[in-house]
Amino acid sequence: MDVPGRVDEARAIETWLDADVSGPCMGVLGGDVGVGKSTLWSTALAAANERSFQVLSCRSDLSETGLSYVGLGDLFAGLEGSAAVRGLREPLRGVLAGTLWWEQAPGVPPHQRAVALAVLDLLRNLSSEGPVLIALDDLQWLDSATEVVLTFVLRRLTVEPVKLLVTLGAGTEGDAWPTLVRVLPPERVTCWEVGPLAPLALAAVVESRYGTAFPRPLLRWLHRACGGNPLFGLETARAWSERSYPSGDLPLPESLRHLLRGRVRALPPAAAEAVLLVACAETPTIALVRTVTGSLTGLAEAINRRLVVLEHESLGFRDPLFRNVVFEVAGPLRRREMHQRLARVVTDVEERARHLAATAGRTDPVVADTLAAAAALTAARGDPLTAGDMTAHAARLTSPGERELGLRRWRDAAGHLISGGDGSRALVVLEDALRRCPPGPVRAEMLLLLGQAAFGSGDVPGSITRLERGRAEAAGRPDLLIPITAGLTYYCVHRGDLAAAQGHARELLRLTEAAGNEDARGEAVAVLSAIELMRGAPPPAAMPAPRWHNPVDRRPLVGPHLYGFLCRCLGDLPEARAVFAALRTAAVETGTVACADWGMAWAAEVECLAGDLRAAARYADLAARAVEATGVPTSAALFAEALLLAMHGELGRARLLAGEGLRIATASGNRLAALSVRALLGFVDLSDGDPMSAVRHLDAVEQTSRSLGVVPDVVCPTAGADHVEALVQVGQYEQATERVERIQRHLRVVDRPLGRGLAARAHGVLLTATGSPKRGAAELEAAVAEFSAAGMPFELGRTLLALSRSQSRLRRREAARRTMERASRVFTKIGAEWWAGRGEPRPRLSAPDRLTVSEAQVVALAAEGRTNQEIAKELAIGVKTVESHLSSVYRKLGVRSRTELALRVSTGRRTPG
């Protein structure tokens, strides 16, 4: 039984099925709606069939509970002509046939005892042929006539091998269990509680259904939102797969919503009051319930009915979805009254402000001031999204006569939302406020925030348009012109418009020099240098790192990002790590981590180069901070996580995440991001043994780079060497030669260890493949030296793998083995275990199940890249014999090319014979 996240339950059911018990016994699967009981039940039926059980199954439905014997009809469907039915004595066979409408029913309905006796005899006949499993899904909805008959039968079975497997919804346990469950002695009843799935198990269910991998923060958000309930998780993920990315209420089918509403509406008044309090309170506790309601009776009932759970003194809903349903059932008036009661007793300033906000009318200056003050505290605590909601509510409650105060609050609300990564909501807030904003500096400030919000919401061209409008409004105000021009520069870089970005960067430098602001000038110098490098200019001889300086809102954005990007492009790992560490600290301290997502993604890339995968994971989590808060994936977060997955060899999920990142980057107009993600996809496909797909991605990187006027070996430093390797693997040697020459031309401009190592590796791989393994090995050894000195263990390990292949071509078998072992040690040390496996000695194929010894010898040499002529010479056989052996091997192993054959050998996989 293979059910994601249910290994223990599945094994327990299998054990129960295998148990040799004399007489009837029962297994009960209990749990909430949608938790996966029916999935386990269905899988158990398949397992029972494999064990030669006679499986009689029935799925009950609420709409059919009033129909007589509908359950029996489902259980015995298809048995009317069986030997067990024919063996029934008369008149019982006729009674059963008439009751189940196998034959024309008699005018007078048969007595229920006669039906029960017929079923008893039929089960005895069936069990004489082998074990019987009666499987009832949603027993609580089984029609009463069928339940009475089965209860009668169970009381009278003695030694017959009959087992019942039933599922029961939440709230049907103990004394509330149906009579059928309570008819057997307790020692013959086994119960399994089916609880929520763990996050990774929920991810497996979602990804297997939709074929889309969601980033970890989104999966954590999904798990919290649906409480680990797989059905509700699938419904939410379905909405995401349709690109709506909900961050509020979960989209539930009306049938499920109806069930949840029914459970809430069935509560007694005191319990309904308690659950409403739990829904409205920020931190519900037993003490708070006692204080507000004066009693714990209702709470005890809600806990008993499995709606509310108690953990120490804290309260919460068993399923998070109940909160929305409780609000829906209560209605606005009862919710407002509960918020008023809570506002009178809570002591926390922020919580009191929220309750007051829920009770306020159209305008309320006192509540507005309270909310604004609480929002400032919330922002200082590092929760900008909540602060944005509170400030926006304060703005709505501000008197129309205080227009300036209202506009300031709308501006602050948008700033908080942007800091929290919710550019979409900030856009709505700002566009509305802008219509009421007078021309001039205030309008310029609004447009600056609108540009930031547009960029954060995935509209790079829109961000540029808004900042250009803001620049016109900010004439004569350097304090506004500097951040607006810096933003224009940064957004034009991401759009891939390097010519415009360079012009803005020069204007930024002029503005900062005129203002006499050395900190801002340092940022401008860093920005201009990074852009010029991307366009093919040599790097600056020396350049101090810019200080953090943002005149308007302290957001560490343009200078630090692009300076860190510059260091990353040059392979200056110590400086890049220092810059990104400072950027991380500044972003965390100012609560603007969500605005630094690509900075954090580049930092993760730098840490992967440096071999610190744990640090890379920390940066990837920061890049995804906004994803977790808003439920909306970003290309930066997807890139960072996909890169880490590729480092760990989880190439399937890496490809899915990177593919989604490419879609988002393309849709947003972020061409720089699209280049980075496309290069990562090329690396993933190359690593996964699909060089043709890698070539397509890396060709696109080159073509797009040329169209944008950027140097691909700057923007995507490792993509060129990957491109050469992929071209070599598919036999496109001429194109590979041209690509090596372009890498070498770039190296003459940027003579740094990273570039030298990548150029030498690319050239070495090409030389080895085109008949010059000695020269190729020399180039690869030079690359090994560069990566070793530069402290880049991952690239070092990859180069060692290539060197080992080159040494094998030179028949330096012992040297090749030692090099492979060294590569394995390098990868193991940094935690890239999957890559370490690629560095293990090649599995011997001298006597596999499906290959002859001669075929195995040919395979081993072909996997090293030897030509047919070289294989024939080494093994002293004819070239046609080599071709014959390879044809046979392709057929036996199910491969179609030497590339697939090499992958099969390198991973040690074989097709079973």
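By convention here, the first residue in the shown sequence is residue 1. Scope of the values below: all heavy atoms of this structure, side chains included, with no hydrogens, waters or symmetry mates.
Proximity of L164 to L154: side-chain heavy atoms (C-beta onward) are separated by under 4.5 Å at one or more points. Inter-residue side-chain proximity for V329 and V325 is flagged as met; some heavy-atom pair is nearer than 4.5 Å. Counting heavy atoms from C-beta outward, V205 and T39 have side chains that stay 4.5 Å or more apart. No side-chain heavy atom of E160 sits under 4.5 Å from any side-chain heavy atom of L123. Within the 4.5 Å cutoff, the side chain of L96 has no heavy atoms near those of the D121 side chain. Side-chain contact between V292 and M338: present, with at least one pair of heavy atoms (C-beta onward) separated by less than 4.5 Å. Between F152 and V119 the shortest side-chain heavy-atom distance does not fall below 4.5 Å. In this structure the side chain of L202 never reaches within 4.5 angstrom of the side chain of P196, judged on heavy atoms.
Across all non-hydrogen atoms, the minimal contact from L299 to A274 is N-CB, 3.6 Å. Nearest approach of A279 to V326, heavy atoms of both residues: CB-CG1, 4.0 Å. Minimum interatomic distance between L79 and W102 (heavy atoms only, all atoms of both residues): C-CH2, 4.3 Å. Smallest separation of non-hydrogen atoms from L657 and A642: CB-CB, 4.0 Å. The two residues L45 and A135 have their closest heavy-atom pair at CD1-CB, 3.4 Å. When all heavy atoms of S38 and D137 are compared, the closest pair comes out as OG-OD2, 2.8 Å.
The CH2 atom of W16 sits 5.0 Å away from the SG atom of C25 when rounded to the nearest 0.5 Å. In this structure, OG on S22 lies 11.0 Å from CG on L157, to the nearest 0.5 angstrom. Atom CG in L656 sits 11.0 Å away from atom CG in L651 (nearest 0.5 Å). Atom CG of residue L165 and atom CZ of residue F53 lie 10.5 Å apart, to the nearest 0.5 angstrom. Rounding to the nearest 0.5 Å places CZ of R323 at 10.0 Å from CG of L276. Rounded to the nearest 0.5 Å, atoms CD (E147) and OG1 (T179) are 5.0 Å apart.
Judged by distance alone, with hydrogens and angles left aside, the side-chain atoms of H111 form a donor-acceptor pair with the main-chain N or O of R113 at under 3.5 Å. Judged by distance alone, the side chain of D143 and the main-chain N or O of Y69 form a donor-acceptor pair under 3.5 Å. Side-chain atoms of E50 do not come within 3.5 Å of backbone N or O of A48 as any donor-acceptor pair. Proximity of a side-chain donor or acceptor of T146 to a complementary backbone N or O of L72 within less than 3.5 Å is detected. Using a distance-only test at 3.5 Å, with no hydrogens or angles considered, a donor-acceptor pair links the side chain of K37 to the main chain of G31. Between the side chain of D74 and the backbone N or O of C58, no donor-acceptor pair lies under 3.5 Å. Under a 3.5 Å cut-off, the side chain of R188 and the backbone N or O of P24 do form a donor-acceptor pair. Under the 3.5 Å distance criterion, the side-chain polar atoms of R305 are matched with a main-chain donor or acceptor of A266. Proximity of a side-chain donor or acceptor of K163 to a complementary backbone N or O of G27 within less than 3.5 Å is not detected.
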Report task. In sequence, state the C-alpha distance, the side-chain angles, and the governing distance for L288 and L315, and then conclude on side chain to side chain contact (heavy atoms under 4.5 Å, CB included). Result -> CA-CA 10 Å; L288 184 63; L315 301 167; over 6 Å; no

**Report entry** Derivation and outcome, side chain to side chain contact (heavy atoms under 4.5 Å, CB included), residues R6 and T43
**Finding:** CA-CA 11 Å; R6 303 296 188 196; T43 311; over 6 Å; no

Query raised in the report: Would L136 and L180 count as a side chain to side chain contact (heavy atoms under 4.5 Å, CB included) if you check the C-alpha gap in whole Å, the side-chain angles of each, and the deciding distance to 0.1 Å?
Result: CA-CA 11 Å; L136 306 170; L180 181 62; 3.7 Å; yes

**Report entry** Stepwise side chain to side chain contact (heavy atoms under 4.5 Å, CB included) check, L126 with L56
**Finding:** CA-CA 10 Å; L126 289 170; L56 311 174; 4.1 Å; yes

Report task. Just do the salt bridge (charged side-chain N to carboxylate O under 4.0 Å, His left out) check on R11 and E14 with the steps written out, would you? Result -> CA-CA 5 Å; R11 287 176 180 169; E14 286 182 329; over 6 Å; no

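Taking the six-membered ring where tryptophan is involved, the planes of F317 and F322 are tilted, since the angle between them lies from 30° to 60°.
Taking 4.0 Å as the cut-off between side-chain N and carboxylate O, R334 and E337 do not count as a salt-bridged pair.
For residues 278-293, no pair satisfies side-chain hydrogen bond (donor to acceptor under 3.5 Å, both in side chains), with sequence neighbours left out.
Counting heavy-atom neighbours within 6.0 Å of E187 CD, excluding the residue itself, gives a total above 12.
For the residue pair D138 and S60, no side-chain donor N or O sits within less than 3.5 Å of a side-chain acceptor on the partner.
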